[in-house]
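Read the structure below first, then the notes.
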Amino acid sequence: MSRVYIGNLDPRVTERDLEDEFRIFGVLHNVWVARRPPGYAFIEFDDRRDALDAIREFDGKNGWRVELSHNSKGGGGRGGRRGG
């Protein structure tokens, strides 16, 4: 499985909203939207290639930051946005 981080989300975005947007890329195992503090979410894809396709499509769209989580299988460290 591959976990994708989505940042800069509108606080009104729901799990269902993200499911509807991202499921066209492949099988989703989990969608989690932060509420305290709001503004980010994680989506787990069954296939890494599907996750990478979703990242290419959505990174920058709607002002979102979309990237492979650092906690994805094979990775280490913390998930979330990197400073830059």
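Side-chain contact between Leu52 and Arg48: present, with at least one pair of heavy atoms (C-beta onward) separated by less than 4.5 Å. In this structure, the side chains of Glu44 and Leu28 stay at 4.5 Å or more apart for every pair of heavy atoms.
Here the CZ-CD1 distance, from Phe42 to Ile6, works out to 8.5 Å after rounding to the nearest 0.5 Å. To the nearest 0.5 angstrom, Lys61 atom NZ is 5.5 Å from Glu21 atom CD. Once rounded to the nearest 0.5 Å, the distance linking OG1 of Thr14 with CZ of Arg35 reads 7.0 Å. Put simply, CE on Met1 and CG on Asp47 are 12.0 Å apart, with the number rounded to the nearest 0.5 Å. A distance of 9.0 Å separates CD in Glu15 from CG in Asn30, rounded to the nearest 0.5 Å.
Taking hydrophobic clusters as Ile, Leu, Val, Met, Phe, Trp and Tyr residues chained together by side-chain heavy-atom distances below 4.5 Å, Trp32 shares a cluster with Tyr5. In the hydrophobic clustering of ILVMFWY residues, with side-chain heavy atoms under 4.5 Å counting as a link, Leu18 and Ile24 come out together.
Note on Asp20 versus Arg23: salt bridge recorded, some NZ/NE/NH1/NH2 to OD/OE distance being below 4.0 Å.
Closest heavy-atom contact between Val33 and Val13: CG1-O, 3.8 Å. For the pair Asp17 and Arg12, the tightest heavy-atom approach, listed with the atom from each and the gap, is OD2-O, 4.0 Å.
Below 30°, between 30° and 60°, or above 60°: for Phe58 and Phe25 the angle between ring planes is above 60°, a perpendicular geometry.
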Q: Take Arg3 and Ile43 through the side chain to side chain contact (heavy atoms under 4.5 Å, CB included) test and state the conclusion after the steps.
A: CA-CA 6 Å; Arg3 180 183 278 183; Ile43 298 177; over 6 Å; no
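Here Ala51 pairs with Ser2, Val4, Phe45, Leu68 under the side chain to side chain contact (heavy atoms under 4.5 Å, CB included) rule; sequence neighbours left out.
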